[in-house]
Amino acid sequence: MASEADEERGGPGPADQAAPEAVDPKIAAAIAAAEAAGPADGVNVRIDSWIWAVRLAKTRSVGAAACKGGHVQVNGVRVKPAHTVRIGDEVRVRQEGWERIVVVKRLIRKRVGAPVAAQCYVDNSPPPPPRAPFAAPAGIRDRGTGRPTKRDRRDMERLRGLMEGSKPRPSGR
């Protein structure tokens with residue numbers, strides 16, 4: 001119940017309070033953890049530390065190496081590892097043949113779990129390129145079998161598709 005002093009100050013009373021929205025407890029915990037991992041007021045967050053904390057890089061040193069190699073851009077400008085990041089910045093990270101484009105929603109300095117990290121940025125990346133199915137290389141020989149014979153070499157070339165118009169050998173020997 002609100003006292004008369006609260007009502008005079010315009011404070012919320014029980015009738016003024018809106019019912020809280022139904023929020024998934026996991027998301028609420030993720031948001032609380034992200035806020036707890038955030039920097040104190042007035043403290044900056046380095047870009048290499050942030051991309052490591054939100055799991056865009058496996059380690060902080062990999063994040064720093066990506067910055068040094070020119071693979072990280074903030075708002076379209078290549079940056080050094082010590083560049084500070086702010087909320088609303090667009091961060092582009094090139095990794096393994098495709099580019100991740102994220103917009104900073106929260107600043108964090110410590111590495112957190114994947115659901116929490118997902119709450120710290122908006123992912124605007126295009127889908128990754130399709131992976132090629134894994135195929136064992138043709139013509140791999142066992143170790144220690146020695147140098148391939150002419151027949152072995154022709155068989156390997158046929159498997160690799162290097163010989164054009166080659167006919168399969170009859171196996172009558």
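All values below come from the heavy atoms of this structure, side chains included, with hydrogens, waters and symmetry mates left out.
The NZ atom of Lys58 sits 12.0 Å away from atom CD of Gln95, with the distance rounded to the nearest 0.5 Å. Expressed to the nearest 0.5 Å, how far CD of Glu157 lies from CG of Asp155 amounts to 9.5 Å. Rounding to the nearest 0.5 angstrom, the gap separating the OG1 atom in Thr149 from the CZ atom in Arg147 is 10.5 Å.
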> Please walk me through it: do Ile108 and Val45 pass side chain to side chain contact (heavy atoms under 4.5 Å, CB included)?
Replying inline: CA-CA 7 Å; Ile108 59 172; Val45 178; over 6 Å; no
> Is there a side chain to side chain contact (heavy atoms under 4.5 Å, CB included) between Ile51 and Ile47 once you walk through the steps?
Replying inline: CA-CA 6 Å; Ile51 63 175; Ile47 185 67; 4.1 Å; yes
>> Run the side chain to side chain contact (heavy atoms under 4.5 Å, CB included) test on Trp50 and Leu56 for me, step by step, so that the C-alpha distance in whole Å, both residues' side-chain angles and the decisive distance to 0.1 Å come before the verdict.
In response: CA-CA 9 Å; Trp50 187 82; Leu56 294 177; 4.2 Å; yes
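When all heavy atoms of Ala64 and Pro81 are compared, the closest pair comes out as O-CG, 3.6 Å. When every heavy atom of Trp52 is checked against every heavy atom of Arg109, the shortest pair comes out as CZ3-O, 3.7 Å. In this structure, Pro148 and Met156 approach most closely via the heavy-atom pair CB-CE, 3.8 Å. Smallest separation of non-hydrogen atoms from Trp98 and Pro126: CZ3-O, 3.5 Å. Nearest heavy-atom pair across Val54 and Cys120 is CG1-CB, 3.8 Å. Closest approach of Arg92 to Ile101, counting heavy atoms only: NH1-CD1, 3.4 Å.
Within the 3.5 Å criterion, the main-chain N or O of Val112 finds a donor-acceptor partner in the side chain of Arg55. Side chain of Arg94 to backbone of Gly70: a donor-acceptor contact under 3.5 angstrom is found.
Looking at heavy atoms from C-beta onward, Arg60 lies in side-chain contact with Ser49 at the 4.5 angstrom threshold. Between Asp123 and Arg100, some side-chain heavy-atom pair lies under the 4.5 Å cut-off.
Residue pairs that meet the side-chain hydrogen bond (donor to acceptor under 3.5 Å, both in side chains) test with at least one member in residues 74-85, sequence neighbours left out, are Asn75-Asp89.
Chaining together hydrophobic side chains whose heavy atoms lie under 4.5 Å apart places Val122 alongside Val103.
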